Amino acid sequence: MTSLPAEPGHGGPTAQRPPVVCTRCATPAEDLPPTWTCSVENGVRCYFCDACSRENLRSIESRLDSAWW
């Protein structure tokens, strides 16, 4: 049995992840903070910083794509 190749950033403990950046305001983060929100829109993971998440909480809970906020 063969295994599938690892996705970029998911290759194990020595693999380096790409930097996490807020999709809305481009705030960078060194590591993914637990206060950030992750959303999958059109098959792409989108990360939102805690400030953007708080500003758009109702839209996030309503499951609106970020293009609508």
Side-chain angles (χ1 to χ4, degrees):
M1 183 172 159
T2 61
S3 60
L4 296 174
E7 293 181 41
H10 300 287
T14 59
Q16 291 186 355
R17 291 186 195 168
V20 178
V21 178
C22 178
T23 303
R24 191 150 177 84
C25 70
T27 299
E30 288 185 25
D31 203 9
L32 186 59
T35 56
W36 282 36
T37 303
C38 177
S39 173
V40 178
E41 299 177 8
N42 299 321
V44 177
R45 283 189 181 197
C46 300
Y47 294 98
F48 300 99
C49 68
D50 48 354
C52 290
S53 297
R54 282 189 202 115
E55 288 176 12
N56 300 290
L57 183 62
R58 287 185 180 259
S59 297
I60 293 170
E61 288 179 344
S62 299
R63 299 191 178 269
L64 294 175
D65 284 344
S66 59
W68 288 94
W69 348 320

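Please read these numbers as outputs of a predicted model, since none were measured by experiment. As a basis for the values below, the full set of heavy atoms in this structure was taken, side chains included, without hydrogen atoms, waters or symmetry mates.
W36 and V20 get closest at one heavy-atom pair: CZ3-CG1, 3.7 Å. Taking both residues in full, the closest heavy atoms of P33 and D31 are given as CD-O, 2.7 Å, listed atom of the first, atom of the second, then distance. Nearest heavy-atom pair across C49 and C22 is N-SG, 3.3 Å. Residues T37 and S53 come closest through the heavy atom pair OG1-OG, 2.8 Å.
By the 4.5 Å heavy-atom criterion applied to side chains, R45 and C38 are counted as neighbours. With a 4.5 Å cut-off on side-chain heavy atoms, T23 and F48 count as touching. For the pair C52 and C25, the minimum side-chain heavy-atom distance is below 4.5 Å.
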